[in-house]
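Worksheet: one structure, shown below.
In what follows, residues are counted from 1 in the order of the sequence shown.
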Amino acid sequence: MATIPCENCSGQYPHTQVSQPLEISCMLLLIMLGKVFLDFFMLQVKQKKVKVSFMGYFCVSLALLDFILLMSISFIFYFEDFALWGVRFTKYHICLFTQIISLTYGILHYPVYLVAGLDYYMTIAQTSQFPKRGQGLLYVFAVVVIWISGFFCILKVPAIYEELEIRNRFSPYQCPLYASMQSYSVSCAMVLLIGMAVLACQKEVTTMLLSVRVVSFASQPVLMFSNVSNNNGTCFKWQLLTRLLICFLGTWAPFVLLQIIILFLGARIPAYMEMNVPWLYFINSFLIAVAYWCRRHDVELTEEMWSTDPFVSWKFCFMPFNNENTEPSDKPGRVIVIC
């Protein structure tokens, strides 16, 4: 029998090769749509009266950048092949833009968390009132500088640009995306620190959980824990760590469990998905707890200090519960933690 050259059979392949970029574009579009919805949902459900902070401004900027990326992907996906300002855009640019965003997000974890941690450490016990407008402008400036620095590092470093070209040359019908080692190391460090805190406060945590009572305060369910009054600084230190730990896990336990599962499975999540508003608020609560712990002797017991976190109330980690409208509040030696 005569052998048919493979060139004559190539007609069966174009459909597959064309459909693969289409499927990748659809997948990226749907993922970004879900991420943008989740970002703005978290910004909507958080507490409104919250003290301004660097992390709050950065979360808003991240949500806006994700929205811009979604609009760009949608526009390219709809028109497929067009020219704008002398530049031709195709579905290839959907992958390229997502890769650039992934690389930028991936290198910003350390600087963002460092700036946010320093911000809380310096302001968590601040007694003098800094002008809100000036503070807000300072945070906006810091956010803009971080984003510009991140994009500059990605777009101006030749090695990174060459790596993108090599990946796209050898995977023309795929979209290889970057997974951040910074995020992976932060997750490992957080799980390790939380585990060490649980082990260090195991006895105190067990005692508190055994004495827990559920009461209603200001139409919110709260947990009331027994509290042994002791002026010993060491005793106060471990009691406070226990309360902070329970308060943090009472809100973010599912996130901690998710991080443990991801680390155990060794799953690598693309950086454009991994940096999102829920994740940043999770890190935000952790940084606030660390700041409270480090500056426990300097914390001013004012209402403004308790409006730092949009999702966790830390007030009763420091203050004894005393409210005449709730029956258990009249009993001495009690403290509650809102979860």
Side-chain angles (χ1 to χ4, degrees), residues 35-67 105 108-109 112-126 129-130 132-133 135-140 142-143 146 183 186-187 190 194 217-223 243-259 274-295 299-319 336-339:
K35 186 188 177 188
V36 168
F37 173 79
L38 186 61
D39 287 346
F40 282 97
F41 174 77
M42 291 296 289
L43 291 175
Q44 184 64 30
V45 299
K46 71 180 182 65
Q47 297 179 26
K48 304 302 179 183
K49 296 181 180 180
V50 180
K51 186 180 177 182
V52 295
S53 65
F54 166 80
M55 187 64 88
Y57 279 88
F58 188 83
C59 287
V60 174
S61 69
L62 177 66
L64 291 177
L65 193 60
D66 283 341
F67 181 75
Y105 286 3
L108 291 185
H109 290 273
V112 169
Y113 303 156
L114 177 62
V115 174
L118 291 175
D119 175 41
Y120 287 127
Y121 184 82
M122 292 186 295
T123 61
I124 206 77
Q126 191 177 32
Q129 182 63 31
F130 193 78
K132 290 185 178 181
R133 186 174 181 179
Q135 194 173 10
L137 290 175
L138 181 62
Y139 290 146
V140 170
V143 169
I146 285 179
S183 177
V186 169
S187 295
M190 285 188 62
I194 292 172
F217 172 69
S219 302
Q220 295 184 27
V222 298
L223 303 179
R243 296 172 193 170
L244 292 173
L245 185 64
I246 293 176
C247 201
F248 176 78
L249 293 178
T251 302
W252 296 111
F255 255 75
V256 176
L257 181 61
L258 179 63
Q259 293 306 306
E274 197 167 31
M275 179 173 277
N276 51 70
V277 173
W279 166 257
L280 289 179
Y281 277 132
F282 169 63
I283 297 290
N284 185 63
S285 296
F286 181 82
L287 293 175
I288 291 174
V290 172
Y292 275 136
W293 166 254
C294 294
R295 305 206 62 182
V299 174
E300 294 288 330
L301 304 181
T302 61
E303 287 300 324
E304 187 179 4
M305 286 296 100
W306 316 129
S307 60
T308 306
D309 196 317
F311 288 95
V312 182
S313 175
W314 307 95
K315 178 177 182 178
F316 297 108
C317 291
F318 293 87
M319 299 178 63
I336 70 168
V337 178
I338 295 181
C339 299

Output for pair (Y292 OH, R243 CZ), nearest 0.5 Å, gives 14.0 Å
Would you say the side chain of F248 lies within less than 4.5 Å of the side chain of I288, judging by non-hydrogen atoms? no
Going by heavy atoms in the side chains, are K51 and T123 under 4.5 Å from each other? yes
Taken in chain and number order and not counting sequence neighbours, the residues that satisfy side chain to side chain contact (heavy atoms under 4.5 Å, CB included) with A63 are D39, F40, L43, V277
Looking at M275 and K35, what are the two nearest heavy atoms and their distance? O-NZ, 2.8 Å
Can you find a heavy atom in the side chain of I194 that is under 4.5 Å from one in the side chain of F286? yes
Check whether N276 reaches the backbone of E274 with its side chain - one donor and one acceptor, N or O, closer than 3.5 Å. yes
If you take all heavy atoms of L244 and A289, which pair is closest and at what distance? CD1-O, 3.7 Å
Interatomic distance, CD@Q259 vs CZ@F282, rounded to 0.5 Å, equals 5.5 Å
Does any non-hydrogen side-chain atom of Y121 lie less than 4.5 Å from one of L287? no
Separation between CD1 of I283 and CE of M55, rounded to the nearest 0.5 Å: 7.0 Å
Is the shortest side-chain heavy-atom distance between S183 and Y105 below 4.5 Å? no
Is there any side-chain hydrogen bond (donor to acceptor under 3.5 Å, both in side chains) pair reaching into residues 277-286, and which pairs are they, with sequence neighbours excluded? Y113-W279, Y120-N284, W252-S285, S285-D309
Among all residues two or more places apart in sequence or in another chain, which pass the side-chain hydrogen bond (donor to acceptor under 3.5 Å, both in side chains) test with D119? Y139
